[in-house]
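To start, the structure under review is shown below, and the notes come after it.
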Amino acid sequence: MKKIFLTLFVFSVFYACQKENTLPSEQSDRKTVSLYSQKPEEVKTFIDASGTSFWQITDAIGVISGSGSNLSNDKFVNDAATATERTSFSGETSVGGDLYAYYPWTNTSVSESDEGILCTIASLQHPEASSFDGASDVMVARPFRLNIDGSQVEDLSFKRLGAILKLSLMNYPTEMAGTLSNERILSVTLGYEQPLAGDILVDYRQGQIIRLGDQVSDKVSASYGSGVMGSRFDCFLVTVPQVLEQGRQLSVEVQTENYIIRKKITLQESIGLTQGKGNVIKCDLSTAVINPRVYIYFWAWTEPANAQEMTLSDDGVYEWCGDCVEGEFKFLTSRNEYWSGWFRDENASDYWTLRKGGDQCMFKLSDCGHKAGEWRIRINTNDNSVHVAPKHLYLDFWAWGTAPNAKELTETGFGTFTWTGYIPVWDFKLLTINKHDDDYWSGYFRDPDAAYYWTLKPGNQEKMFKLEDRGWRDGTYTIEVNTQTLQMRVIPHIWLIG
């Protein structure tokens, strides 16, 4: 098969219509072609610190050729072994008829009935320090044809479909400025009330976005493998073009090695994220909320390095779910500093109260009648409170024999559960572990000292609940349990018989 080397010069000119080709070829045979391409500074998939733009070695363009049932979406790969301003893309395509080039290539089939081709502006991007992620820089070239000998009729012009945003992080809180400037940055996330990223349906013939696809996100993130915050940090993102409307809210989250920084911005004026253009948003972090990373650490884990990170669910509020081993635990702000973080305040009236600083008093599930197993733990550093809730809860009746026959309730929230089914007249309790051994008594029982009959009490108790105590018979009931308020509701199902 004959190999044709074709030079295509790429310009940032935004096309309005296609010129007439003077010597078009109407043949439809496929040939292996190398497309040479210059990368002007105006059209960028990557920019180094000097402002020079490059094609990356992993870049690939797509070329759509053919017609009717013979439409083909062909991948052209970069031949270069290093990033370069000028490179060639090699692939096989039809020489005859109109050709449509776009970037980056996507592995999907095309047909005559399709409105366009599905491309993606990724919600998780991997930009370089001085530019955006080229893999999300969706571009479409002006339709073109090849001469009979495979030579180029006209230069190839690309048009960018996404908007380029530079999010400038600046003005760190005075008391944290020195610390944050030396922090290794991990990610930056921008949120809005409308989709910022996701699938876009692209009309490759006219070079425009037709509409958003089904998979979209109202957040777009940049992930970094290296780099520090410095006195100012510029994050480059590719987004869906749109107008960020006055009065609406943006959210910014910056994750560093030791902190999670959050800022909400109410737009005082509309900001256009213009297609094909660079756009700037300045983010003043002087009033941002700075949350330290927090880790739960059990004494049995032997080393602070084994501590597990908790999830920041709200400013100052952290959650963790996992297998709680026997023994004491505390909350660290560093895996490298054993005495950093929060301990139990032994002088507080409530057992589950935090105290900041190097104190050796820790928390222990067994102190409150609980046993090891899967638990949810939530801490609120705003009011220094700790909340624990079982991950599983089982309804166990004396008549059902061994505990493995217990029925699991459905978890509806933090520490809340529900179950509907047939309840016999026998005694019942609530287990946190569905095993018939020493853990058979782990869970919640009836509190005999409470005025409200359906009050829970954790621990090894022998007082259970019984329908007959309330004058009820066996039947279908709905049970709702709240382990935080230690209250349970038992609701009978009633049928009207006429």
Side-chain angles (χ1 to χ4, degrees), residues 311 313-314 317 319-324 350-352 365 368-378 380 385-498:
T311 300
S313 58
D314 201 356
V317 180
E319 296 187 8
W320 176 84
C321 181
D323 189 9
C324 292
D350 186 348
Y351 178 89
W352 297 104
L365 287 174
C368 297
H370 299 309
K371 291 202 171 186
E374 284 193 276
W375 289 83
R376 296 189 183 278
I377 297 179
R378 174 189 292 165
N380 187 331
S385 62
V386 181
H387 305 271
V388 296
K391 175 66 172 67
H392 305 282
L393 202 60
Y394 304 90
L395 184 65
D396 181 59
F397 284 88
W398 194 265
W400 287 348
T402 57
N405 295 321
K407 307 296 183 183
E408 183 168 7
L409 282 73
T410 300
E411 186 181 30
T412 57
F414 186 89
T416 59
F417 301 83
T418 187
W419 179 85
T420 297
Y422 175 77
I423 297 182
V425 296
W426 301 96
D427 297 352
F428 67 91
K429 60 182 180 293
L430 298 163
L431 301 177
T432 55
I433 300 175
N434 192 13
K435 294 192 299 184
H436 191 66
D437 52 20
D438 290 340
D439 295 323
Y440 181 68
W441 299 105
S442 66
Y444 297 87
F445 299 78
R446 185 171 70 84
D447 185 349
D449 299 322
Y452 178 60
Y453 180 83
W454 302 108
T455 300
L456 306 174
K457 184 174 182 179
N460 186 358
Q461 307 294 323
E462 295 188 4
K463 289 291 184 180
M464 304 189 199
F465 301 97
K466 196 172 185 180
L467 291 178
E468 286 185 344
D469 289 347
R470 312 307 296 162
W472 294 344
R473 298 181 60 86
D474 61 319
T476 301
Y477 291 82
T478 293
I479 293 179
E480 297 176 350
V481 179
N482 189 327
T483 62
Q484 301 305 288
T485 61
L486 297 177
Q487 300 287 299
M488 178 169 62
R489 295 179 64 206
V490 179
I491 307 167
H493 287 218
I494 301 175
W495 288 268
L496 179 64
I497 301 175

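Because the structure is a prediction, the values reported are computed rather than measured.
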Under a 4.5 Å cut-off applied to non-hydrogen side-chain atoms, are [X] and [Y] in contact?
X	Y	value
Arg489	Thr478	no
Met488	Tyr444	no
Trp352	Ser385	no
Leu393	Glu408	no
His370	Thr432	no
Leu467	Val490	yes

With side chain to side chain donor-acceptor pair (under 3.5 Å) as the test, pick out the partner of Glu319 among Arg376, His387, Arg378.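 Option passing the side chain to side chain donor-acceptor pair (under 3.5 Å) with Glu319: Arg378.
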How long is the span from the [atom1] atom in [X] to the [atom2] atom in [Y], to the nearest 0.5 Å?
X	Y	atom1	atom2	value
Asp474	Ile423	CG	CD1	10.0 Å
Leu430	Asp396	CG	CG	9.0 Å
Arg446	Lys429	CZ	NZ	14.0 Å
Phe465	Asp427	CZ	CG	11.0 Å
Lys407	Leu431	NZ	CG	13.5 Å
Ser313	Phe414	OG	CZ	9.5 Å

Can you name the nearest heavy-atom pair linking [X] to [Y], along with the distance?
X	Y	value
Ala372	Ile433	O-CD1, 2.9 Å
Lys463	Phe445	O-CB, 3.1 Å
Lys457	Asp447	CB-CB, 3.8 Å
Gln484	Ala389	NE2-CB, 3.6 Å
Pro390	Phe417	O-CZ, 3.2 Å
Tyr394	Ala406	CB-CB, 3.7 Å

Can you confirm whether or not the ring centre of Tyr477 sits under 6.0 Å from the ring centre of Trp419?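 Not close enough - the centres of the two rings lie 6.0 Å or further apart.
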Given Val481, which of Thr418, Thr416, Leu456, Leu486 fulfils the side chain to side chain contact (heavy atoms under 4.5 Å, CB included) condition?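 Considering Thr418, Thr416, Leu456, Leu486, a side chain to side chain contact (heavy atoms under 4.5 Å, CB included) with Val481 is found only for Leu456.
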Checking side chain to side chain contact (heavy atoms under 4.5 Å, CB included) between Lys466 and each of Phe397, Trp426, Tyr453, which is the one that passes?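 Output: one option passes, namely Tyr453.
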Going through the distances and angles, do Ile377 and Cys324 end up as a side-chain contact (heavy atoms from CB on, under 4.5 Å)? CA-CA 10 Å; Ile377 297 179; Cys324 292; 4.0 Å; yes
I'd like to know if Lys391 pairs up with Glu374 as an ion pair, taking the criterion as any Lys NZ or Arg NE/NH1/NH2 lying under 4.0 Å from an Asp or Glu carboxylate oxygen.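 Result for this pair is no, no salt bridge flagged.
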Ignoring hydrogens and angles, tell me if any N or O in the side chain of Asn482 forms a donor-acceptor pair with the backbone of Thr485 under 3.5 Å.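 Judged by distance alone, yes, a pair lies under 3.5 Å.
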Examine distances only and state if a side-chain atom of Thr455 and a backbone atom of Gln487 form a donor-acceptor pair shorter than 3.5 Å.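 No, because the side chain of Thr455 does not come within donor-acceptor range (under 3.5 Å) of the backbone of Gln487.
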